[in-house]
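Scroll down for the structure; my scribbles are underneath it.
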Amino acid sequence: MSEHSGRHATPGRLVAITITLLILLSPFLWLLQMSFKSNDQILQFPPPLIFTPTLENYISLWHSAFSASFVNSLLSASLSTALALLFGIPAAYALSRWAGRGKHGLSFAILVTRMAPPIAFTIPFFLFYRWIGLLDTITGLVLVYTSFNLPLVIWMMQPFFDTVPISLEEAALVDGARTRTVFTKIVLPMVTPGIAATAILCFLYAWNDFFFALILTRTNARTAPVAVVNFMNYEGWEWGKIAAGGSLVMAPVLIFSLAVRRYLVSGLTAGAVKG
Amino acid sequence: MKQGGIDEERRRFIAFALTPSLIVLFAVAVLPAIYLVVTSLTPFQLTAPGSATDFSAPLRNYGLLPGDPRFVNSLVVQAKLSFWGVLFQVLLGMLLALLLNVQSRFVEFARTFFLIPMVLPPIVVAVIWKLIYTPDISPLYYAAQALHFTMPALTSSVDFALTAIIIADTWEWLPFTFLMVLAALQTIPDEYSEAALVDGANRLQIFWYVTLPFITPILVISGMFRLIDSVKAFPLIFLLTSGGPGTVTEVTNYYAYLLAFDTNEIGYSSAVTVVMLLLVAGISLGLVWMGRRREAMA
């Protein structure tokens with residue numbers, strides 16, 4: 001693994017890397033520091049770089065409708081993740097073990113369902129939800145997020161099942177075990193790390209969504225990303241709250257991304273085809 | 001006989017495991033796509049009763065498209081945004097990957113932080129750039145003021161608005177190309193560049209003749225992913241410019257959104273979306289086909 005063509009790190013290069021990182025992250029850090037400033041401090045010129053941090057923005061968010069939208073985000077992201085795993089894991093296993101023709105065609109077709117730009121789904125979903133009364137409900141959001149995460153689960157879990165030796169399963173089958181038992185008792189425990197990584201990525205995709213929530217919710221099921229933007233429209237550009245809200249929305253993302261950084265590439269690549 | 005029984009049971013289990021997902025995907029992906037095409041054949045407006053089932057002039061919406069200057073303009077805007085965005089993301093991603101392709105525990109740890117812009121919720125990225133582009137509170141404008149230099153208002157200027165979007169989009173997605181190129185760089189065996197060094201090649205020559213040919217496929221693939229994905233800049237456009245000034249930053253995706261959810265022209269918006277889908281699908285298939293040809297030739 002370590003035998004790659006990387007050069008050895010020279011001090012000059014380490015300095016260059018650090019400076020690049022600071023420049024790249026400075027917009028993000030600016031938002032973060034702003035969330036701990038009072039509105040007066042935010043508007044001061046020159047901006048105080050050293051200041052007494054205040055939690056007033058976060059406290060006022062806690063007491064506002066924002067906390068309800070945060071709960072909505074948590075609910076819709078976790079429920080849709082659970083559903084996508086429930087449907088997707090057996091499907092990924094089936095695709096991994098299916099020796100028949102058309103296997104690659106089918107897994108590609110499954111991925112293509114994520115390729116279309118979200119607007120292509122929002123128009124039909126909006127009309128359908130309006131008709132059956134699912135607009136502005138958590139159920140409606142869960143349904144749409146599940147449909148977007150299902151291809152991701154199938155696409156990500158398949159390689160994990162591929163690594164489980166088929167001889168192991170055959171041995172158990174010859175001993176008289178049922179396929180279902182082999183799947184739940186032998187195969188699933190071996191791919192637990194994959195399930196965890198996939199679950200986190202599904203959660204993040206649902207959590208990060210802005211477009212579907214913008215169109216399919218109003219007030220009852222409004223999610224945190226939409227709530228942050230609403231601070232810009234109706235409450236007179238309260239930058240402190242916007243910064244604190246933005247920081248809260250990105251907090252779970254940063255924590256989870258660190259946890260699954262090994263799997264980020266496959267997850268994001270599968271997602272990248274989504275469009 | 002027993003073997004056959006096992007195979008039969010396995011086959012049944014596989015079918016049983018696959019079916020629910022296929023049904024769900026059919027219901028939530030194929031049916032909506034069909035419904036989208038059906039609505040695109042009607043003059044459907046939410047405020048006009050009966051318009052949803054009026055198929056008297058099915059191709060009317062599609063006939064209107066070539067003569068709609070906003071639609072044509074939106075394609076041009078998307079092409080500009082995609083072209084410059086993909087170009088910058090691939091180039092800068094490659095440079096960053098070359099810079100970080102070193103053996104060091106510190107750098108391996110630091111790499112994760114370079115990924116932050118890409119994993120942030122897109123709307124938070126948009127909020128961040130809203131801060132940067134809003135004169136009263138922006139560090140960019142503070143710096144300009146300190147240097148006695150007048151910064152133009154970027155997002156409301158006809159000349160700079162699209163550039164402002166491209167910069168933000170590049171910041172957000174540069175980590176993606178970086179990650180892909182870095183992975184490719186790490187598969188190049190040391191012997192290649194060592195052999196070139198022994199032969200007296202300088203660093204630029206090693207890059208040009210050894211490294212670049214090695215990473216070209218991944219540059220193409222990551223550029224492809226970003227190209228297909230570049231219609232996703234919606235949150236940035238929504239928050240930073242709302243398609244303006246005028247229609248300078250109004251991409252097709254955003255135009256379709258305005259038509260459906262601002263002016264209630266569901267039928268016409270569906271037609272715009274169908275054309276956009278066909279274009280994205282066409283580009284994707286073209287790229288896949290090109291990839292296959294390259295593989296076949298190599």
Side-chain angles (χ1 to χ4, degrees), chain A residues 3-9 13 16-17 20-21 24-25 27-28 30-31 42-43 45-47 87-88 90-91 93-94 97-98 110 113 115-117 119-121 123-125 147 150 154 173 179-180 208 210-211 215 225 228-229 239 242 246 249-250 253 257-258 261 264-265 268 272-273 275, chain B residues 6 9-10 13-14 17-18 20-21 24-25 28-29 32 35-36 99-104 107 110 112-114 116 119-124 127-128 131-132 136-137 139 142 176 179 183 186 188 190 193 225 228-229 231-232 234-235 239 253 256-257 260-261 266 269-270 273 276-277 280 284:
Chain A
E3 289 165 28
H4 63 68
S5 69
R7 288 165 209 288
H8 289 280
R13 190 179 276 235
I17 288 172
T20 314
L21 184 61
L24 191 78
L25 289 191
F28 156 81
W30 192 261
L31 178 83
I42 287 173
L43 293 170
F45 180 82
F87 285 109
Y93 173 74
R97 291 298 184 254
W98 183 20
I110 288 171
T113 59
M115 208 173 72
I119 181 95
F121 294 97
I123 295 176
F125 269 102
S147 73
L150 187 52
I154 298 177
L173 285 171
T179 314
R180 198 188 329 139
N208 281 358
F210 173 70
F211 194 67
I215 289 163
V228 170
V229 170
W239 279 111
I242 293 167
V249 173
M250 67 195 185
V253 175
S257 304
L258 276 173
R261 61 182 195 277
L264 269 180
V265 186
L268 289 160
V273 193
Chain B
I6 288 176
E9 200 211 307
R10 271 189 77 86
F13 182 78
I14 286 176
L18 200 52
S21 281
V24 171
L25 283 175
V28 296
Y35 190 42
L36 186 75
L99 179 71
L100 265 83
N101 186 29
V102 291
Q103 287 169 318
S104 141
V107 174
T112 311
F113 293 92
F114 280 89
I116 286 178
V119 297
L120 290 182
I123 197 63
V124 174
V127 166
I128 287 175
L131 291 182
I132 308 287
D136 339 343
I137 51 163
Y142 287 151
F176 176 77
L179 200 58
Q186 297 191 341
I188 306 180
D190 278 336
S193 50
F225 278 151
I228 295 168
D229 229 13
V231 290
K232 249 177 48 182
F234 182 88
L239 206 58
N253 198 16
Y257 159 78
F261 301 107
I266 301 274
S269 175
S270 302
T273 308
M276 190 171 70
L277 269 178
V280 173
S284 318

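Everything numeric here is computed off the predicted structure, so don't read it as measured data. The chains referred to below are lettered A, B, ... by the order of the sequence lines, with proteins before strands, and numbering in each begins at 1.
- Interface remark: B/Y257 contributes backbone and side-chain atoms alike to the contact with chain A (heavy atom separation under 4.5 Å).
- Among the candidates B/L25, B/L99, B/V28, the residue making the largest number of heavy-atom pairs closer than 4.5 Å to chain A is B/L99.
- Chain B forms more heavy-atom pairs under 4.5 Å with one residue of A/L150, A/I154, A/L43 than with any other, namely A/L150.
- In this structure, B/F234 and A/F210 have tilted ring planes: the angle between them lies in the 30° to 60° band.
- When each of B/F114, B/F113, B/Y35 is scored by its heavy-atom pairs under 4.5 Å with chain A, the top score falls to B/F114.
- Options B/L131, B/V127, B/N253, B/V124 differ in how many heavy-atom pairs under 4.5 Å they form with chain A, and the most are formed by B/L131.
- The part of A/I215 that comes within reach of chain B is its side chain, from C-beta onward, which places non-hydrogen atoms under 4.5 angstrom from that chain.
- Considering only heavy-atom pairs separated by less than 4.5 Å from chain B, the leading option among A/W98, A/F211, A/F121 is A/F211.
- Residue B/Y142 touches chain A through both its backbone and its side chain, counting heavy-atom pairs closer than 4.5 Å.
- The contact between B/L120 and chain A is made by backbone and side chain atoms together, counting heavy-atom distances below 4.5 Å.
- Distance check: B/L18 CG to A/R97 CZ gives 14.0 Å after rounding to the nearest 0.5 Å.
- Your options are B/I132, B/I116, B/L277, B/V24, and the one with the most heavy-atom pairs under 4.5 Å with chain A is B/I116.
- Among the candidates B/I137, B/D136, B/T112, the residue making the largest number of heavy-atom pairs closer than 4.5 Å to chain A is B/I137.
- Heavy atoms closer than 4.5 Å to chain A are found in both the backbone and the side chain of B/A256.
- With chain A as partner, the option from B/P20, B/A260, B/S21, B/P32 having the largest number of non-hydrogen pairs under 4.5 angstrom is B/S21.
- Looking at B/L239, only its side chain comes within 4.5 Å of chain A, counting heavy atoms on both sides.
- Without hydrogens or angle criteria, A/N208 side chain to B/V119 main chain gives a donor-acceptor distance under 3.5 Å.
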